[in-house]
Amino acid sequence: MKALRTFAALLFIVSLAASADASLQTAKPATQGESLPPISYTCPMHPEILDDKGGACPICKMDLVGIRLDSVWTCATRPLAVVETKPGRCPIDGSALVQVTAAVSWTCPGTSTESVSPGSCPDGSPMVKRFASRAHGNHNPQHGGLFFMAADNWHHVEGAYLPSGVFRLYFYDDFTKPLALADLRGVKASVVLKDSRTAKETTVPLVRSGRYLQASIGKLPLPAEMYTHVVFKPGAPHNRFDFAFETYSKEPHAAAAPTMTRATPAPIPGTPPPASSGTPNGGEVSSGVDPALVQLPIPDTVPEMLAQLRTRTDQIRMFIDRGSFASIYVPAFQAKDLALALDARKNELPADRRKAVEPAITKLVRSAYLLDAFGDLGNKQQISEVYTKFVEAERDIQSAFPQHQP
């Protein structure tokens, strides 16, 4: 996790703001031996700064403050009104729970005491665990579409392609709240349609209708590929978001199946399915554990590690081709874990091969984090460029290790 936090801080990719939601969810008291998320350090004024150690903010020089972040399941329409450790149904509206990132702290009821670690209150009772909303903690589509973060780390967009042939673009802030109308009025956007047969592109302006922009683009052959150009305010940079709709978008409704989100990516061929748990309606859904946050079971032998690394590389290519950018991070992070495991075996290599593999492993790890970041941004060109470097690093790693090494 150190590499992730340090890299995110340098790139301003992981932008985690101080809680802007006063409502907190109270859970059961802390238990002995409870597994705790690691403590990270962020700036109260510049939340894009995130590190694994304390110190001064490089921007404003304020002291970094400790925070614990955890992934939980909650109601899509009422974030943190309910908090669960695994998937299920929202008791408020019956819809499928979604996974979000929340800030975790412990407090004593009736006091302002708050801690990033569990403990005891003055009366001897255990402190109570609380969850608070976080900026960028909820990247779940709100209208059944495809959800992306803008390069400014604040704006978010969701594109939806309706059965009627209408394309809609929704806008949100960093807490996934609809953009204020005053801000939305300054947004200019268009959608570019791509004809796969002729390679011709047609640009269609998007017109504001209430809290979204839309255009009638007709019924295109599925999967339908298109991208948008968006300017969030006059004089601001252009943003490009690539969309690939395998099916038409459908508004979520009560008792519906979970919407594809970053936390529940598309199934990856060649990867064993996660353990399942029962739901109130008797169906089964995937495990509540985010695959990218679980340490990949590393094979015992180098050839097996190399084979798994090749599989993850192919899976990333598949997701890029399909336009499933929000799912890229899973095989990318698993490839990163495999590369680090191979790094631990590099001393078994001759000096010349060890010298060649060290920069390749560093390059692959860096590329994995960039694939995660650009997957959130939804820019296919950036993703493809980084993937080229990822492949180069993977091939260098494969060449450095003997294929039959035990």
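- Other residues, nucleotides and ligands contribute more than 12 heavy atoms inside 6.0 Å of the NZ atom of Lys363.
- At a threshold of 4.0 Å, the pair Asp242-Arg240 counts as salt-bridged, since one of the basic side-chain nitrogens sits closer than that to a carboxylate oxygen.
- Here CD1 of Ile397 is found 9.5 Å from CG of Leu338. Values are rounded to the nearest 0.5 Å.
- Side chains of Glu201 and Tyr227: a donor on one and an acceptor on the other come within 3.5 Å.
- Distance OG/Ser164 to CD/Gln214: 8.0 Å, rounded to 0.5 Å.
- The structure places NE2 of His156 at 8.5 Å from CG of Asp173, a figure rounded to the nearest 0.5 Å.
- Taking the six-membered ring for Trp and the full ring otherwise, Phe148 and Phe243 have centroids separated by under 6.0 Å.
- Ring to ring, Phe167 and Tyr161 are not that close: their centroids are 6.0 angstrom or more apart.
- Under the rule for a salt bridge (Lys or Arg N to Asp or Glu O under 4.0 Å), Lys219 has no partner lying at least two apart in sequence or in another chain.
- Looking at Arg395 and Gln398, their side chains never come closer than 4.5 Å, going by heavy atoms from C-beta outward.
- Taking the ring centroids of Tyr172 and His155, they lie at or beyond the 6.0 Å cut-off.
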Practice task
Could you go through the side-chain contact (heavy atoms from CB on, under 4.5 Å) check for Leu309 and Leu364 one step at a time?
Solution key: CA-CA 11 Å; Leu309 184 60; Leu364 187 141; 4.1 Å; yes
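- Judged purely by distance below 3.5 Å, without hydrogens or angles, the side chains of Ser249 and Arg168 never pair a donor atom with an acceptor atom.
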Practice task
Applying salt bridge (charged side-chain N to carboxylate O under 4.0 Å, His left out), run through Asp314 and Arg317 and close with a yes or a no.
Solution key: CA-CA 5 Å; Asp314 292 341; Arg317 175 76 267 170; over 6 Å; no
